[in-house]
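These notes concern the structure reproduced below.
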Amino acid sequence: MEKSEFVLRAKPPPAADPLAEAPSLSALAEQEAGCTRCPLYKNATQVVPGEGPPRARVLLIGEQPGDQEDVSGRPFVGPSGKLLDIALERAGVDRDRCFVTNAVKHFKFEPRGKRRLHKKPDAGEIDACRWWLDRERALLRPGLIVALGATAIRGALGRSEAVSRLRGDIIELDDGAQFLATVHPSSLLRLKDESDKREAWRGFLADLRKISRWIEKDARAN
Ligand code: URA
């Protein structure tokens, strides 16, 4: 099947009216602070809610907070975040006009001596945290949802899809929002070979430029 013919059937958002439960993103963040929906809250320092303007048209979804995000309480402030900031700037996307969040809102790690090593969240943890992501979506009603990596794809769609299958095409979701998947910036940080790094960087920028083109089109239409 052509990718463009592929119709995404994301699980519908929760039936309960999220706006009644948390009337604003700041109220939602306060509720998130008390989250015990999965065991990750037990070892994390704090929840890391999404941040950005409540009227942001673009929702950027990462995987989960890392070590620095766990300490600061803010998403994408560590090495992946710094790379993301550079890439967004090069692609002409103003991060401050996007709402930036994670599929999983507590840091999952394995202690190794004094270090805390990142551990990938599992499907159960992603699905439990979807409760919050869905509510962020309901409050924001973004026009474009960008998933950075496979965990974000599962959080956004409610099912697993390979990044390579969806990457780079803007597709429409059942709720009318547009959806773009790309790689997680940490995948670039892990590359060792210089030419692999250059190629991955070019591909990442090409995907992010689709966001800036979408924003321009959206601004003209609204
Ligand atoms: N990686 C993510 O996916 N999110 C963050 O907030 C930081 C690193």
Side-chain angles (χ1 to χ4, degrees), residues 25 28-29 32-33 35 38 40-41 43-53 56 58-89 91 93-110 112 115-137 140 142 144-158 160-163 166-167 179-191 200-201 203-205 207-208 211:
L25 287 158
L28 187 70
E32 284 172 46
C35 181
C38 83
L40 294 184
Y41 74 94
N43 297 323
T45 308
Q46 59 190 319
V47 80
V48 179
E51 69 174 26
V58 177
L59 171 64
L60 290 178
I61 310 174
E63 183 193 68
Q64 63 161 351
D67 186 74
Q68 294 189 30
E69 288 80 11
D70 172 76
V71 173
S72 71
R74 297 187 52 217
F76 279 109
V77 294
S80 292
K82 293 197 170 79
L83 189 67
L84 179 65
D85 286 350
I86 295 170
L88 287 172
E89 199 189 326
V93 180
D94 184 353
R95 170 173 168 165
D96 293 341
R97 298 187 64 187
C98 301
F99 192 86
V100 181
T101 195
N102 282 300
V104 171
K105 294 186 172 35
H106 281 111
F107 180 33
K108 181 176 181 182
F109 62 92
E110 200 176 275
R112 190 75 58 82
R115 298 179 60 209
R116 302 188 300 169
L117 298 187
H118 165 277
K119 269 191 94 179
K120 221 174 170 41
D122 63 32
E125 290 152 353
I126 301 167
D127 294 349
C129 217
R130 202 162 179 252
W131 168 271
W132 301 113
L133 186 60
D134 282 342
R135 278 153 181 76
E136 285 175 324
R137 277 169 73 167
L140 266 175
L144 178 66
I145 297 171
V146 181
L148 304 166
T151 299
I153 292 176
R154 186 173 179 103
L157 303 183
S160 293
E161 291 285 351
V163 178
L166 301 183
R167 173 169 197 187
F179 177 77
L180 172 69
T182 183
V183 294
H184 191 281
S186 65
S187 66
L188 278 71
L189 291 173
R190 285 194 297 270
L191 294 172
W201 179 245
F204 190 44
L205 287 189
D207 290 344
L208 298 188
I211 308 176

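Atom set for the values below is all heavy atoms of this structure, side chains included, hydrogens, waters and symmetry mates excluded. Counting starts at 1 for both ligands and their atoms, following the listed order.
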Problem - Check: F76 N/O within less than 3.5 Å of ligand 1 N/O - result: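 F76 vs ligand 1: N/O contact under 3.5 Å present.
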Practice task
State whether the shortest distance between N or O atoms of S80 and N or O atoms of ligand 1 falls below 3.5 angstrom.
Solution key: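 Among all N and O atoms of S80, none is under 3.5 Å from an N or O of ligand 1.
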Exercise for the section: Go through the structure and list residues passing salt bridge (Lys or Arg N to Asp or Glu O under 4.0 Å) with K82, not counting sequence neighbours. Expected result: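 Listed in chain order: nothing, the list is empty.
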Problem - Ring-face cation of R135 near W131 (centre distance under 6.0 Å, axis angle within 45°) - result: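 Here R135 passes the 6.0 Å and 45° test against W131.
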Practice task
Quick one: look at E69 and ligand 1, take heavy-atom pairs under 4.0 Å, and tell me if it's side chain, backbone, both or neither.
Solution key: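 E69 to ligand 1: side-chain contact only, backbone stays beyond 4.0 Å.
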Exercise for the section: Quick one: look at Q64 and ligand 1, take heavy-atom pairs under 4.0 Å, and tell me if it's side chain, backbone, both or neither. Expected result: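 Under 4.0 Å from ligand 1, Q64 contributes backbone atoms alone.
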Numbered atoms of ligand 1 (with element) below 4.0 Å of [X], judged on heavy atoms:
| X | result |
| --- | --- |
| G62 | 3 (O) |
| P75 | 6 (O) |
| E63 | 2 (C), 3 (O) |
| H184 | 1 (N), 2 (C), 3 (O) |

Problem - Proximity flag Q68 to ligand 1, non-hydrogen atoms under 4.0 Å - result: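 Contact absent.
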Exercise for the section: Verify, without hydrogens or angle tests, whether E63 (side chain) and N102 (backbone) share a donor-acceptor contact under 3.5 angstrom. Expected result: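 Answer holds: no.
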Exercise for the section: Report yes or no: does E125 contribute a side-chain atom to a donor-acceptor pair with the main-chain N or O of D122 at less than 3.5 Å? Expected result: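 Yes; judged by distance alone, with no hydrogens or angles, the pair exists.
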Practice task
For atom 4 (N) of ligand 1, find the nearest protein heavy atom and state the residue, atom name and distance (0.1 Å precision).
Solution key: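 Checked against all protein heavy atoms, atom 4 (N) of ligand 1 sits closest to N102 OD1, 2.7 Å.
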Exercise for the section: May I ask you to say whether R74 pairs ionically with E51, meaning some side-chain N is under 4.0 Å from a carboxylate O? Expected result: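 Salt bridge present between R74 and E51.
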Problem - For F99, ring-ring contact (aromatic ring centres under 6.0 Å, His included) partners two or more places apart - result: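 Testing F99 for ring-ring contact (aromatic ring centres under 6.0 Å, His included), a comparison that skips the adjacent residues, returns none.
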Practice task
For H106 and Q46, test the side chains for any donor-to-acceptor distance below 3.5 angstrom and give the result as yes or no.
Solution key: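 No - no donor-acceptor pair under 3.5 Å links their side chains.
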